[in-house]
Amino acid sequence: MTNEWDAVIIGGGVAGLSAAQMLGRSRRRTLVIDAGEPRNRFAAHMHGVLGHDGMDPRALLERGRAEARAYGVEIVEGAVARLEDAGDGVLVHRADGTIDTARAVVIAAGIRDDLPDIPGLSDAWGRAALHCPYCHGWEVAGGALGVVMTSPAGIHQAQLVRQLSDRVTVFAAGGVPMGDDAMGRLAARGVSVVAAAVVGVAPRGDRLVIATADGEERVLDAIFIAGAPVLDLAFADGFDLARADMPGAPLDVDLMGRTSHPRVFAAGNVTAPFGNVPVSMASGSMAGAGVNAVLTEEDFDRAVAERTAERNAGWEERYAAEDRFWSGRVNGSVAAVVASFEPGTALDVGSGEGGDVVWLAEQGWEATGVDVSPTAVRRATALAAERGVEARFVVGDGVGSVVGEFDLVLAGFLHSWEPDFPRIGMLRAAADRVAPGGRLLIVSHAAPPPWAREVPDHAPAMRSPAEERALLDLDPAEWEVELEEVRKRAVTAPDGSPAELDDGILLFRRR
Ligand SMILES: Cc1cc2nc3c(=O)[nH]c(=O)nc-3n(C[C@H](O)[C@H](O)[C@H](O)COP(=O)(O)OP(=O)(O)OC[C@H]3O[C@@H](n4cnc5c(N)ncnc54)[C@H](O)[C@@H]3O)c2cc1C
């Protein structure tokens with residue numbers, strides 16, 4: 001069975017639930033899959049979390065789940081076994097065989113603290129064997145405290161612990177051999193250093209007995225010890241996510257939780273193993289917002305693509321409904337402007353039935369026409385054959401499907417009655433295809449034809465060349481305006497009477 005979600009969050013700790021809250025509040029269909037083993041599950045109280053000081057970490061998660069569910073988030077117990085890239089989404093395979101599809105995933109699976117293999121240590125973990133002076137130091141301040149070094153960073157931890165008590169013993173065997181400098185610093189503040197390895201930890205009431213390899217035993221109120229951070233991200237192996245160069249090799253993310261894969265976000269300890277609950281909540285919240293931002297952008301992109309396809313289908317329908325739409329002759333204004341140019345390569349954007357392109361080919365141009373209507377392109381190709389010239393026609397939207405630069409890019413009467421027709425954007429894209437020294441020629445209706453003064457209210461304005469130039473906003477350092485004028489063109493009105501059209505001419509040359 002496959003379930004479809006906007007976002008699937010892997011891990012329902014504080015990071016995952018914070019992401020879920022943002023996504024739920026953004027009305028995103030969100031699923032949290034949680035294996036139920038948050039990193040701080042060994043501790044009965046939580047500190048350093050503003051507004052929740054001393055709270056049971058489980059109570060915070062319970063509240064977080066209730067809050068997320070109130071915004072429609074679904075939360076299930078389970079483990080994610082594998083992620084699979086599906087191009088426009090991610091397939092999330094659970095260990096029980098369920099498959100969820102998500103437009104984006106947030107990895108908030110936390111870390112595991114890999115403790116040294118000291119008998120009795122894991123039983124004391126989170127109670128009298130503590131990982132962080134900020135989270136649990138105050139509660140044991142002033143007591144007899146130990147710091148068991150597991151890496152060179154243990155010195156740093158020892159200094160922090162000394163801030164809490166003047167009775168501190170450092171068990172140095174698990175770190176690198178301590179140099180004179182470090183020994184001197186610790187001694188200067190009355191910290192004793194034990195060189196023998198710790199071989200056992202056992203409870204005695206609320207206290208701990210620390211046994212060392214030299215046969216000594218010391219009774220302490222608590223020890224601080226840093227486990228090595230382990231990220232268990234085998235489920236994301238296929239994604240080759242970039243890692244940061246720090247202990248545990250966490251996922252490398254930006255401020256919005258973006259990983260190196262566009263549909264994979266990450267938050268919490270998987271991105272910052274040193275992070276506490278507030279840091280993890282903050283990054284979860286940002287990742288949730290990051291996912292929503294990306295999905296929102298994608299929703300708009302998709303809507304635009306659908307609208308464009310609909311509009312293009314409309315053009316095809318119009319061409320297909322008639323045997324022939326246009327005259328097959330070149331537009332008089334186009335011919336008048338282009339006549340004096342040295343032929344080269346030319347592209348006509350919106351070439352219709354090919355009248356202008358075929359004329360260009362007849363003048364010696366290597367001419368290409370692009371149009372959204374396959375019917376128009378077929379007719380244009382037939383017209384070139386009929387007139388015995390070589391011209392290339394392709395089906396495409398704007399300049400999108402045509403590669404390369406051209407000496408002349410022509411956009412003749414690239415109009416639509418539809419108010420959301422992206423004319424200016426298409427003209428800018430056309431300008432991008434002009435080769436250095438080449439020209440962009442825009443010929444347009446500067447006013448409606450005299451027989452159609454009753455234009456629909458919603459129709460886009462027919463603009464003067466000056467107005468179009470201002471909207472196009474091409475960089476004057478790069479573009480020189482060679483022509484900007486309205487030319488009258490004599491035509492025959494639909495009722496057979498003579499009439500004149502206002503053709504707007506805008507000719508740029510790329511410097
Ligand atoms: C003993 C101890 C005490 C601590 N005390 C404090 C404290 O007092 N104050 C403080 O600020 N910080 C404290 N911390 C740090 C705190 O635990 C972390 O900062 C925090 O838990 C990180 O949140 P997270 O959401 O990233 O990961 P976690 O809280 O670890 O949550 C990750 C969740 O993802 C789940 N998961 C993992 N893999 C999968 C998978 N494949 N599929 C589905 N689910 C998965 C896990 O089971 C877990 O439920 C403590 C840490 C420890 C070790």
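Ligands are counted one by one from 1 in listed order, and the atoms in each one are counted from 1 as well.
Here the protein heavy atom with the shortest distance to atom 36 (N) of ligand 1 is A109 O, 3.8 Å. The single protein non-hydrogen atom nearest to atom 24 (P) of ligand 1 is A15 CB, 4.0 Å, given as residue, atom name and distance. If you check which protein heavy atom lies closest to atom 17 (O) of ligand 1, you get N40 CB, 3.1 Å. Ranking the protein heavy atoms by distance from atom 34 (O) of ligand 1 puts G11 CA, 3.1 Å first. Taking atom 41 (N) of ligand 1 as the reference point, the nearest protein heavy-atom neighbour is V80 O, 3.2 Å.
Judged as a salt bridge (charged side-chain N to carboxylate O under 4.0 Å, His left out), and not counting sequence neighbours, the contacts of D254 are R258. Checked against ring-ring contact (aromatic ring centres under 6.0 Å, His included), H415 has the following partners two or more places apart in sequence or in another chain: H445.
Distances from atom 8 (O) of ligand 1 to the heavy atoms of E37, H47, R94, M281 show the closest one on H47. When V8, V14, L115, D34 are ranked by how near their heavy atoms come to atom 35 (C) of ligand 1, first place goes to D34.
Judged by distance alone, the side chain of R65 and the main-chain N or O of I75 form no donor-acceptor pair under 3.5 Å. Formation of a donor-acceptor pair under 3.5 Å by the S373 side chain with backbone atoms of Y319 is not found in this model. Remark: side-chain polar atoms of N269 are paired, donor with acceptor, to backbone N or O of A272 under 3.5 angstrom. A donor-acceptor pair is defined here as one N or O able to donate and one able to accept, closer than 3.5 Å; no such pair exists between the side chain of S280 and the backbone of P278.
Heavy-atom distances between G78 and ligand 1 reach below 4.0 Å in at least one pair. At a 4.0 Å cut-off, at least one heavy atom of A79 sits close enough to ligand 1 to count as contact. The shell of residues lying under 4.0 angstrom from ligand 1, judged by heavy atoms, includes P278. Under a 4.0 angstrom heavy-atom cut-off, H136 registers as being in contact with ligand 1.
Numbered from 1 in the order shown, with element, the atoms of ligand 1 that lie under 4.0 Å from a heavy atom of D113 read 53 (C). Under a 4.0 Å criterion applied to the non-hydrogen atoms of M46, ligand 1 contributes the atoms 7 (C), 8 (O), 9 (N). The distance from ligand 1 to the heavy atoms of G268 drops below 4.0 Å at these ligand atoms: 26 (O). Using a 4.0 Å cut-off to heavy atoms of V49, the atoms of ligand 1 that qualify are 11 (O). Each of the following atoms of ligand 1 lies closer than 4.0 Å to a heavy atom of G36: 47 (O), 49 (O). Listed by number with element, the atoms of ligand 1 under 4.0 angstrom from any heavy atom of W125 are 53 (C). Every atom of ligand 1 is numbered from 1 in the order shown, and the set under 4.0 Å from a heavy atom of N276 is 10 (C), 11 (O), 12 (N), 19 (O). Atoms of ligand 1 found under 4.0 Å from any heavy atom of F235 (numbered from 1 in listed order, with element): 41 (N).
Q157 and P133 make their closest contact through NE2-CD, 4.0 Å (heavy atoms, listed as atom of the first residue, atom of the second, distance). Scanning both residues, A158 and V147, for their nearest heavy atoms gives CA-CG2, 3.9 Å. Taking every heavy atom of both residues into account, A173 and A195 meet most closely at CB-O, 3.5 Å.
Considering backbone and side-chain atoms alike, V277 places an N or O below 3.5 Å from some N or O of ligand 1. For a threshold of 3.5 Å applied to N or O pairs, the pair formed by G275 and ligand 1 contains at least one separation below that value.
The residue from I9, V80, N3, T98 that alone fulfils the side chain to side chain contact (heavy atoms under 4.5 Å, CB included) condition with V92 is V80. V90 pairs with exactly one of L83, V8, T101 by the side chain to side chain contact (heavy atoms under 4.5 Å, CB included) rule, that one being L83. The only option from L31, V264, I33, T259 that meets the side chain to side chain contact (heavy atoms under 4.5 Å, CB included) definition with V105 turns out to be V264. The residue from R103, R27, R29 that alone fulfils the salt bridge (Lys or Arg N to Asp or Glu O under 4.0 Å) condition with D6 is R103. For the side chain to side chain contact (heavy atoms under 4.5 Å, CB included) test with L145, the passing option among V140, D166, L220, L130 is V140; the others fail.
Neither the backbone nor the side chain of V279 has any atom closer than 4.0 Å to an atom of ligand 1 (non-hydrogen atoms only). Contacts of Y134 with ligand 1, taken as heavy-atom pairs under 4.0 Å, are absent altogether. Of the heavy atoms in L130, none comes closer than 4.0 Å to ligand 1. Contact annotation for A35 and ligand 1: heavy atoms of both the backbone and the side chain come within less than 4.0 Å of the ligand. Residue contacts with ligand 1, taken as heavy atom pairs separated by less than 4.0 Å, involve A108 solely via the backbone atoms N, CA, C and O. Of the heavy atoms in R39, both backbone and side-chain atoms come closer than 4.0 Å to ligand 1.
Annotation: cation-pi pair R25/Y71 present, NZ/CZ under 6.0 Å from the ring centroid and within 45° of its normal.
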